[in-house]
Amino acid sequence: MDLRPIGVFDSGLGGLTCVKRVMELMPGEDIIYLGDTGRVPYGGKSRETILRYARQDIGFLLSRDVKAVVAACGTVSTNGLEEIAGDYPVPVFGVTDATARAAVSATRNGRIGLIGTKASIRAAVYDRKILALCPEAKIFKKACPLFVPIVEDGRIGDGEPVLELVARQYLEEMGDDGVDTLILGCTHYPLIAGTIGRIMGPEVRLIDTGAEAAAQLRRLLENGGALARREKGAYSYFVTDSAEDFSRTATIFLGCRVEGAVRRVSLEEK
Ligand code: DGL
């Protein structure tokens, strides 16, 4: 058993959808969450910038003595994370492996949709991973850059006019492609899964990348004998912008009150 905390990070609040699953699947784990709220969104930035931010995020979590780091961010996961993951003394992984496997096992007709930030769609990492598992699969992709600001602004209710308009613009054409599985390629999107699912139709399965990464983490810790088996873990949150704003919105993402301290940190010099 390894009682060190798990580190989870994202550009902003989206990674909390992964944290929620970690809490459910591994209640005994301590969790340290880092949301780079001062620099969100990452999704429109260059690969070099995303990778530099990712190094700083990982470096911060390692300074808190974590036993594993989950990049609960589709953008980081698809923009070079795997090239740097081996540089660290603890397992560091993103959402793409577990998600590609889940999508391939969910699809019946081999037509898989992927929505994400501009940087995630540009990267083509999912294409490579899905085709390695299922060479006959067809992948249909769409960058949805407006979803992250809409979610960060809390406009997530099903029927919310701005969300409805934007979601229809993005998704209707993907419905015509006949996909039966849709990867929510950004960890912010589970918050608007109700609207996405309604527009796509009930026959389309939605894959939640943060949930898949949490399940992968549980397998990893269990197989390595590192799962913390205490009754309840402790949580702490770090952000790079206002801690008050974070606490308010984080409640929506976690589906419960933020338990544990929220502190502001600066990553620039790390
Ligand atoms: N949650 C991040 C992702 O999965 C947010 C994207 C962003 O910062 O643009 O891609």
Side-chain angles (χ1 to χ4, degrees), residues 7-22 33-58 61 69-82 92-100 102-103 113-126 129 141-156 163 166-167 170 182-193 196 206-214 216-217 237-241 245-246 249-250 252-254 267:
V8 181
F9 75 93
D10 179 39
S11 55
L13 292 150
L16 293 173
T17 58
C18 176
V19 167
K20 183 170 185 241
R21 293 308 181 110
V22 173
Y33 182 76
L34 171 66
D36 192 4
T37 51
R39 301 190 293 198
V40 69
Y42 286 6
K45 300 198 164 67
S46 69
R47 190 175 188 277
E48 294 66 41
T49 301
I50 295 165
L51 211 44
R52 179 161 57 83
Y53 290 174
R55 281 202 180 90
Q56 292 170 342
D57 297 335
I58 296 166
L61 290 170
V69 174
V70 182
C73 176
T75 305
V76 168
S77 303
T78 51
N79 279 272
L81 180 74
E82 289 173 351
V92 174
F93 63 92
V95 298
T96 55
D97 279 329
T99 298
L114 168 67
I115 54 175
T117 64
K118 275 187 185 160
S120 293
I121 297 302
R122 180 184 66 208
V125 168
Y126 278 113
K129 293 197 174 182
K141 301 186 288 185
K142 181 89 187 161
C144 303
L146 292 175
F147 277 164
V148 168
I150 287 175
V151 171
E152 293 266 332
D153 198 38
R155 294 172 183 263
I156 56 175
L163 171 61
V166 170
Y170 285 150
L182 178 66
I183 297 173
L184 306 181
C186 168
T187 48
H188 281 67
Y189 299 174
L191 270 293
I192 51 171
I196 295 173
L206 304 183
I207 308 289
D208 176 339
T209 56
E212 297 304 331
Q216 180 182 352
L217 175 66
Y237 302 87
F238 293 88
V239 289
T240 56
D241 202 346
D245 289 352
F246 174 85
T249 321
I252 305 171
F253 281 75
L254 289 170
L267 300 176

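Keep in mind that what you see is a predicted model, and the values were worked out from it rather than measured. As the structure lists them, so they are numbered: ligands from 1, and atoms in each ligand from 1.
In this structure, the protein non-hydrogen atom closest to atom 4 (O) of ligand 1 is Gly74 N, 2.6 Å. Protein heavy atom in closest approach to atom 10 (O) of ligand 1: Thr75 OG1, 2.6 Å. Nearest protein neighbour of atom 2 (C) of ligand 1, counting heavy atoms only, is Asp10 OD1, 3.2 Å.
Not a single heavy atom of Gly12 lies less than 4.0 angstrom from ligand 1.
At least one N or O atom of Tyr42 sits closer than 3.5 Å to an N or O atom of ligand 1. At least one N or O atom of Ser11 sits closer than 3.5 Å to an N or O atom of ligand 1.
Paired with Leu114 under the rule side-chain contact (heavy atoms from CB on, under 4.5 Å), one option of Thr78, Thr99, Ile121 passes, and it is Ile121.
Looking at Asn79 and Arg122, their side chains come closer than 4.5 Å, going by heavy atoms from C-beta outward. Contact annotation: the side chain of Cys18 approaches that of Val70 to within less than 4.5 Å [non-hydrogen atoms, C-beta and beyond].
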side-chain hydrogen bond (donor to acceptor under 3.5 Å, both in side chains) assessment of Asp36 paired with Tyr42: CA-CA 9 Å; Asp36 192 4; Tyr42 286 6; 2.5 Å; yes
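Contact atoms of ligand 1 toward Gly43: 7 (C), 8 (O), 9 (O) (distance under 4.0 Å to a heavy atom of the residue). Each of the atoms 6 (C), 9 (O), 10 (O) of ligand 1 lies under 4.0 Å from some heavy atom of Thr117.
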Contacts under 3.5 angstrom, residues 44-51 side chains, donor-acceptor by atom type, not counting sequence neighbours:
| from | atom 1 | to | atom 2 | distance (Å) |
| --- | --- | --- | --- | --- |
| Lys45 | NZ | Arg39 | O | 3.3 |
| Lys45 | NZ | Pro41 | O | 2.6 |
| Ser46 | OG | Thr49 | N | 3.2 |
| Ser46 | OG | Thr49 | OG1 | 3.0 |
| Arg47 | NH2 | Glu83 | OE2 | 2.6 |

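Between Phe253 and His188, the ring planes lie perpendicular to each other; the angle is over 60°, past the 30° to 60° tilted range.
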